[in-house]
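Notes follow once the structure below has been shown.
Everything quoted here is computed from the prediction, not taken from an experiment. Below, all heavy atoms of this structure are taken into account, side chains as well, without hydrogens, waters or symmetry copies. Every chain is numbered from 1 and lettered A, B, ... according to where its sequence line falls, protein lines coming before strand lines.
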Amino acid sequence: ISHGHGGSHSSSGGSTLLGYIGIDTIIEQMRKKTMKTGFDFNIMVVGPSGLGKSTLVNTLFKSQVSRKSAGWARDEKIPKTVEIKSVSHVIEEGGVKMKLTIVDTPGFGDQINNDNCWEPISKYINEQFEKFLKEEVNITRKKRIPDTRVHCCLYFIPPTGHCLRQLDVEFMRRLSHSVNIIPVIAKSDTMTIEERQEFKQRVRKELENNGIEFYPQKEFDDDMEDKSDNDKIRETMPFAVVGSDKEHQVNGKRVLGRKTAWGIIEVENPNHCEFAQLRDFLIRSHLQDLKEVTHNIHYETYRAKRLNDNGGLHPISSNDTQESNL
Amino acid sequence: GSVPEAIPNLAKRTRPLSLAGHVGFDSLPDQLVNKSISQGFCFNILCIGETGIGKSTLMDTLFNTNFENFESSHFEPQVKLRAQTYDLQESNVRLRLTVVNTVGFGDQMNKQESYQPVVDYIDKQFESYLQEELKIKRSLHNYHDSRVHACLYFISPSGHSLKSLDLVTMKKLDSKVNIIPVIAKADTISKSELHKFKIKIMSELVSNGVQIYQFPLDDETVAKVNTTMNGHLPFAVVGSTEEVCVGNKMVKARQYPWGVVQVENEHHCDFVKLREMLICVNMEDLREQTHTRHYELYRRCKLEEMGFKDTDPECKPVSLQQTYEAKRQEFLAELQKREDEMRQIFVQRVKEKEAELKEAERELQGRFEQLKRVHAEQKSTLEDKKRLLDEDQSSFNKRRAAAQLLQAQSLTVNGKKDKDRKK
């Protein structure tokens with residue numbers, strides 16, 4: 001990549017520089033800038049009521065981030081249709097500020113007839129893409145476009161122990177191309193370790209048979225190292241989790257767990273459940289990647305379809321944000 | 001806790017929460033930085049200055065390496081730009097550095113248009129990026145960013161003031177690129193003269209409304225050093241890749257009979273300050289300013305030029321999509337019209353050619369007929385002649401036959417007469 005007379009001059013590995021310049025300080029410069037701007041992260045939770053979605057999210061972020069606070073009335077009415085409810089918080093850790101938005105989907109899978117219950121969810125996801133696109137194509141643009149796009153969708157599979165339900169397959173099949181889906185097996189303390197392994201295997205098989213690619217998708221592995229890391233994760237998914245925001249005393253330490261008559265299930269104990277793995281995967285190693293895949297792939301796919309005449313999309317007037325069948 | 005001011009527009013629907021334990025998202029900056037490391041960084045510097053002022057030497061000195069350099073002649077008819085790209089690596093950071101030098105700047109008799117090739121080059125890089133951004137199927141995260149992040153403007157060490165060429169050029173560029181003016185070959189100016197020179201330059205820049213790059217002051221950790229540095233502008237630099245022994249060390253320097261000018265000695269020149277500011281402290285900010293300020297301005301102007309707006313005359317928001325669609329239809333209609341025109345012209349030409357060919361054919365036919373006629377005439381003439389000849393011949397034959405007969409008869413008569421006499 002050179003213009004004009006000069007040829008491109010590649011350094012042969014190592015450093016051909018005769019002394020320290022300070023190029024590597026750019027890492028620190030970049031880190032400081034990103035810490036100043038802060039991060040957005042939007043996570044959607046999908047699953048029928050009673051599977052512990054809110055509890056899990058609260059456990060993940062060690063804070064009452066879901067819209068249901070600790071004193072949630074358990075007899076809150078189940079809505080007649082799927083609703084989309086989002087709530088945002090700003091959390092800070094180690095100087096890093098994050099605006100975390102949890103998008104809840106009450107009513108999903110709760111009706112007698114669940115036909116097309118994914119539509120409001122699909123619509124919401126596309127609406128966020130549309131919002132971003134609108135900002136991006138403005139002539140005068142904001143310095144930082146607010147990002148409300150769904151970066152990750154935690155799909156809660158009921159721990160039936162048998163196989164996926166038709167609803168699960170339908171939902172994941174339709175949405176895996178517009179959002180990163182991370183399936184989790186909720187309330188997995190109802191299964192023994194063996195039952196859990198078998199169930200997971202069956203779920204993986206069914207997902208494969210239906211051509212459903214959950215996150216991390218194989219096709220987006222950057223390089224061999226990435227691939228091998230992600231392969232290990234894909235082999236363990238879906239994560240079998242247990243959530244709890246109550247602390248108990250175990251061996252002199254206070255741990256998060258569920259107390260039962262036959263013992264205490266420690267949430268963060270990798271021998272008991274895979275919560276810690278989910279947390280590390282979701283937050284400590286792949287959070288940025290989730291955002292990047294959303295931005296570079298899902299958003300670009302949406303944008304390309306939208307801008308293409310033959311996309312079969314309804315033309316959008318400037319005030320209308322309605323978006324249907326995509 | 002209080003709502004953090006660093007993230008704006010959050011106050012309304014969000015509330016800050018405190019965490020009951022270590023979640024782990026404090027690794028986010030690392031996650032982001034790691035991705036950038038694996039992709040590598042891009043940095044593009046443009047050096048503007050007269051031939052021989054020391055642009056290449058300074059670049060070599062800054063990056064501690066020997067870039068391929070061509071000595072330029074002073075007889076270039078026009079200003080050109082030469083860009084060269086290098087891959088550098090320091091620890092685990094890979095940098096794709098592009099150095100663009102002007103060639104022949106300030107050499108011409110008439111320098112009125114000297115700034116234009118520079119402006120064109122900068123705009124071309126913006127245009128490239130804009131084109132990619134507007135594509136339907138695009139790959140921005142893979143795009144090799146060639147936009148100019150920093151522009152080093154080399155001022156001649158006259159010791160007096162800026163040249164008008166300098167002012168004109170910088171004024172044309174200040175809204176397009178981060179300008180960092182440097183005084184070149186600063187070892188030719190004495191310290192006191194240098195101080196006066198710097199003040200004169202800065203006041204001239206201010207009075208002419210030239211916006212040079214200000215080192216950013218919003219980050220507390222670097223605000224102090226940046227403020228100090230802002231006060232030292234423009235940096236008076238000396239470049240050298242040759243090493244001279246001073247004390248017991250080998251240092252980059254220029255050796256004169258009267259002494260040694262050490263490049264990295266802050267008492268001798270501002271080279272170290274330049275390197276510090278350009279690379280170690282503000283490289284990322286230079287890139288960010290280029291993208292969020294200069295590029296956005298270019299984009300906005302370009303799109304407005306093409307007729308796109310955010311609001312229509314009644315101040316109702318207009319979507320880019322609609323305008324784009326309208327323009328697209330317009331363009332397609334135009335294309336169709338031209339296609340039709342061309343088709344018509346083509347049909348016309350075909351007709352004309354056909355007529356020509358028909359005419360030629362007719363002519364040819366005519367000549368053929370004529371030739372045939374001539375031929376037939378000649379043939380009949382010849383036939384007449386032949387007939388005459390035949391008639392002649394036959395009448396001659398008759399006469400000959402008659403003559404022969406006569407001769408034969410007379411012979412017989414004479415023979416009889418003889419016979420009679422003998423008896």
Side-chain angles (χ1 to χ4, degrees), chain A residues 1-6 8-11 14-19 21-27 29-36 38-39 61-65 88-91 93-94 96-99 137-141 143 146 279-280 283-285 287-288 292 296 300 304 307-308 316 318, chain B residues 4 6-7 9-10 13-21 23-29 31-33 35-37 41 63-65 68 70 82-91 93 95 136-138 141 144 219 275 279-280 283-284 288 292 296 300 303-304 308-310 317-321:
Chain A
I1 309 173
S2 78
H3 329 267
H5 311 261
S8 155
H9 211 68
S10 299
S11 68
S15 182
T16 56
L17 302 169
L18 319 161
I21 301 171
I23 296 175
D24 55 2
T25 57
I26 196 171
I27 298 181
Q29 295 175 36
M30 188 180 257
R31 194 198 306 267
K32 274 202 281 218
K33 274 210 186 276
T34 55
M35 291 207 19
K36 218 179 90 185
F39 298 85
F61 290 99
K62 297 238 161 83
S63 168
Q64 302 296 331
V65 285
S88 304
H89 295 99
V90 172
I91 45 182
E93 190 176 65
V96 178
K97 291 193 178 72
M98 180 156 87
K99 176 172 170 238
V137 298
N138 266 339
I139 307 296
T140 311
R141 303 198 283 202
K143 190 155 182 199
R279 180 202 51 213
D280 288 346
I283 300 175
R284 296 183 188 176
S285 62
L287 199 116
Q288 182 60 27
E292 294 204 359
N296 293 332
E300 288 295 320
L307 296 183
N308 226 327
I316 266 203
S318 40
Chain B
I7 312 181
N9 18 291
L10 282 186
R13 284 173 303 128
T14 67
R15 39 183 248 257
L17 280 188
S18 45
L19 305 170
V23 175
F25 63 87
D26 54 352
S27 65
L28 257 178
Q31 292 181 35
L32 193 139
V33 160
K35 281 238 179 255
S36 300
I37 290 179
F41 297 86
F63 291 99
N64 265 342
T65 183
E68 267 171 65
F70 303 88
R82 187 190 287 134
Q84 284 161 301
T85 306
Y86 309 94
D87 285 323
L88 307 173
Q89 181 157 357
E90 200 166 69
S91 50
V93 175
L95 182 75
I136 291 184
K137 206 159 181 288
R138 60 189 190 179
H141 62 282
H144 168 64
D219 181 351
R275 183 172 60 197
I279 300 173
C280 305
M283 199 182 346
E284 185 58 24
E288 191 185 277
T292 58
E296 284 296 313
R300 192 170 76 229
L303 291 179
E304 279 174 357
F308 292 104
K309 285 189 278 285
D310 276 335
V318 168
S319 86
L320 186 78
Q321 178 80 352

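- For A:Lys143, the side chain to side chain contact (heavy atoms under 4.5 Å, CB included) criterion is met by B:Glu288, B:Thr292, not counting sequence neighbours.
- With a 4.5 angstrom heavy-atom cutoff, B:Arg300 touches chain A via backbone and side-chain atoms both.
- Side-chain atoms of B:Glu296 never come within 3.5 Å of backbone atoms of A:Ile139 as a donor-acceptor pair (strictly under, hydrogens ignored).
- Distance alone, capped at 3.5 Å, is enough to place a donor-acceptor pair between the A:Gln29 side chain and the B:Glu284 backbone.
- The greatest number of non-hydrogen atom pairs below 4.5 Å with chain A, out of B:Met283, B:Lys137, B:Arg275, is found for B:Met283.
- The heavy-atom pair separating A:Ile21 from B:Ile279 by the smallest distance is CG2-CD1, 3.6 Å.
- Between chain B and the residues A:Lys33, A:Lys32, A:Arg31, the most heavy-atom pairs under 4.5 angstrom are made by A:Lys33.
- Looking at B:Val23, both its backbone and its side chain come within 4.5 Å of chain A, counting heavy atoms on both sides.
- A donor-acceptor contact shorter than 3.5 Å is absent between the side chain of A:Gln288 and the backbone of B:Leu32.
- Looking at B:Phe25, the atoms closer than 4.5 Å to chain A (heavy atoms on both sides) sit in the backbone and in the side chain alike.
- Across B:Asp219, B:Ile37, B:Leu28, the residue that shares the most heavy-atom pairs under 4.5 angstrom with chain A is B:Leu28.
- Using a 4.5 Å cut-off between heavy atoms, A:Arg284 contacts chain B through both its backbone and its side chain.
- Heavy-atom pairs under 4.5 Å with chain B were tallied for A:Asp280, A:Ile26, A:Thr25; the largest tally goes to A:Ile26.
- Heavy-atom minimum distance, B:Ser36 versus A:Met30: OG-SD, 3.4 Å.
- Qualifying salt bridge (Lys or Arg N to Asp or Glu O under 4.0 Å) partners for B:Arg138, counting only residues two or more places apart in sequence or in other chains: A:Glu136, A:Glu300.
- In this structure, chain A has a heavy atom under 4.5 Å from the side chain of B:Leu95, while its backbone stays farther away.
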